[in-house]
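Contents: one structure, followed by commentary.
One is the number of the first residue; the rest follow in order along the sequence.
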Amino acid sequence: MVSRPIPILITDPAPRSAPGKNTLPIWRGAFRPLFLLAGLQAIIGVVWWMASLIHGVWAPQLGTSALWHGHEMVFAFGGAALGGFLLTAIANWTGRPALHGPVIMLLTACWLAGRVAMIFAADINVVVLLVAELTYFAVLIAFAARELIEAKNRRNLKLLAVIAALAITDALFILAARDTIALDAEIFPRVGIFIFLVLIALIGGRIIPGFTRNWLMRNGKLPDIAEPVSFNRFDALCMVALLVSAILAFTPWQQVAGIVLMITAILHFARLSRWRGIHTLTDPLIWMLHIAYLWLPICLMLVGIALLRPDFYAINDAVHAGGAGAMACMIMAVGGRAALGHTGRSLVAGKLFTIGFSLIWLATALRLIAPVAGSHYLTILATATLCWIGGWLFFILRYAPILVCGPMKKS
């Protein structure tokens with residue numbers, strides 16, 4: 001039996017009342033400034049760091065410039081995209097008008113304040129640094145909680161607990177990098193990436209099969225093929241396995257963690273196969289979601305291998321499958337779809353966006369190949385960097401006019 005199309009999360013136009021006419025288009029939804037800033041941060045966080053390594057250009061220090069780079073690519077880049085997604089999705093979940101105007105200006109200003117503070121992280125008081133960096137997450141959680149509570153949508157409050165965990169990890173990272181607490185700062189970007197993997201598995205596990213089912217129905221492919229499987233007990237098993245393996249990865253039981261991570265990877269490969277992405281290859285906006293999720297089990301598999309055989313593959317390389325792969329690709333896939341759907345445009349990817357996404361996917365693959373490429377390491381790494389920068393430039397070229405300008409006028 002084939003289900004009816006499901007209206008899901010972030011692509012359905014959410015506002016029940018339009019923002020005021022005097023509100024500039026960029027402030028008419030959290031996704032507008034925050035997705036744009038995420039794209040810019042993806043470029044800045046890599047270019048500035050690479051320029052310091054190759055050309056000796058001054059770069060910010062959070063203990064080291066490498067730690068600053070890791071911080072900005074997880075908590076700044078990921079945090080901006082998460083805020084844009086969450087507040088836009090909440091409007092769909094609750095049926096309340098999407099937040100706009102001064103609220104979005106405040107949230108954006110908090111994010112920017114954090115970025116300025118992180119540039120001078122080595123020189124300013126650690127308390128000031130923490131306040132500047134964490135205010136964004138505090139404001140995000142506060143506004144999201146208000147919307148959910150007023151709409152009596154308490155079942156989604158659990159997502160705010162995950163965001164709070166991300167903020168706490170951010171704080172511990174800063175304290176460790178500044179030698180305020182005696183912890184290894186290098187573990188915290190990995191913790192942040194695993195938190196994002198949990199969010200991707202939780203949210204992606206609902207929107208990807210839903211979007212796919214709707215697309216298959218619109219294109220007359222159902223009931224000729226088996227429809228994507230909705231969230232069920234197997235998905236719950238996958239989530240539990242992910243949580244357990246993520247916790248084990250940061251314990252002394254590295255051999256056990258490696259095995260559990262690899263088993264969890266196999267479960268998530270199987271989960272992805274149940275969503276029928278192979279039948280959507282004619283629509284980039286759909287298949288992007290599937291191959292973005294593919295990086296999640298790849299990351300788990302590589303981290304498992306790194307824990308079992310650190311002499312063969314380093315964990316700092318393996319987690320790029322989660323950061324540059326699952327995180328970045330899912331941010332781009334969901335962000336691009338949301339920008340079209342919430343500005344009244346047709347859900348058509350276009351060549352620029354498709355090329356941009358493909359370059360990010362290729363950049364991740366090359367970054368993961370580079371450590372085992374021997375003498376070709378630097379060449380492949382440089383190629384990966386160029387693909388990454390090019391991919392996000394294409395994203396910005398495609399979506400900056402959409403995000404900054406008003407909705408598409410209906411003829």
Angle class for the F31/H342 ring planes (parallel below 30°, perpendicular above 60°, tilted otherwise)? tilted

Close aromatic pair by centroid cut-off 6.0 Å: F75 and W111: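 Judged by ring-centre distance (under 6.0 Å), F75 and W111 do not meet the cut-off.
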
Aromatic ring proximity, centroids under 6.0 angstrom, F85 and F35: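 That pair fails the under 6.0 Å test.
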
Is a side-chain donor or acceptor of [X] paired with a backbone partner of [Y] at a separation under 3.5 angstrom?
{"X": "S65", "Y": "W49", "answer": "no"}
{"X": "H279", "Y": "L216", "answer": "no"}
{"X": "T94", "Y": "R96", "answer": "yes"}
{"X": "W68", "Y": "G45", "answer": "no"}
{"X": "W388", "Y": "A42", "answer": "yes"}

Could you tell me which residues satisfy side chain to side chain contact (heavy atoms under 4.5 Å, CB included) with [X], sequence neighbours excluded, listed by chain and number?
{"X": "A321", "answer": "W295, I298, C299, L302, L368"}
{"X": "Y377", "answer": "A370, L381"}
{"X": "A333", "answer": "M288, L289, F357"}

Do R178's NZ or CZ and the ring of F173 fall within the cation-pi criteria of under 6.0 Å and 45°? no

Given L107, L106, L99, the one that forms side chain to side chain contact (heavy atoms under 4.5 Å, CB included) with V103: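 Per the side chain to side chain contact (heavy atoms under 4.5 Å, CB included) rule, the option paired with V103 is L99, out of L107, L106, L99.
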
Verdict with supporting geometry, R213 and S230, side chain to side chain donor-acceptor pair (under 3.5 Å): CA-CA 9 Å; R213 181 184 298 105; S230 299; 2.5 Å; yes

Should L67 and T64 be marked as a side chain to side chain contact (heavy atoms under 4.5 Å, CB included) after you check the CA-CA gap, both sets of side-chain angles, and the distance that decides it? CA-CA 5 Å; L67 287 176; T64 66; 3.4 Å; yes

Please tabulate, for the side chains in residues 126-146, all donor-acceptor contacts under 3.5 angstrom to protein atoms that are two or more places apart in sequence or on a different chain.
residue : atom : partner : partner atom : Å
E133    : OE1  : R115    : NH2          : 2.7
T135    : OG1  : V131    : O            : 2.4
Y136    : OH   : G79     : O            : 2.7

Ring pair (Phe, Tyr, Trp, His ring centres under 6.0 Å) with F353: which residues, sequence neighbours excluded?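 F353 satisfies ring pair (Phe, Tyr, Trp, His ring centres under 6.0 Å) with Y399 only.
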
Would you mind listing every salt bridge (charged side-chain N to carboxylate O under 4.0 Å, His left out) that reaches into residues 269-293, with sequence neighbours excluded? D235-R271, D235-R274

With rounding to the nearest 0.5 angstrom, report the CD1 to CD1 distance, I360 to I355.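 Those atoms lie 12.5 Å apart.
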
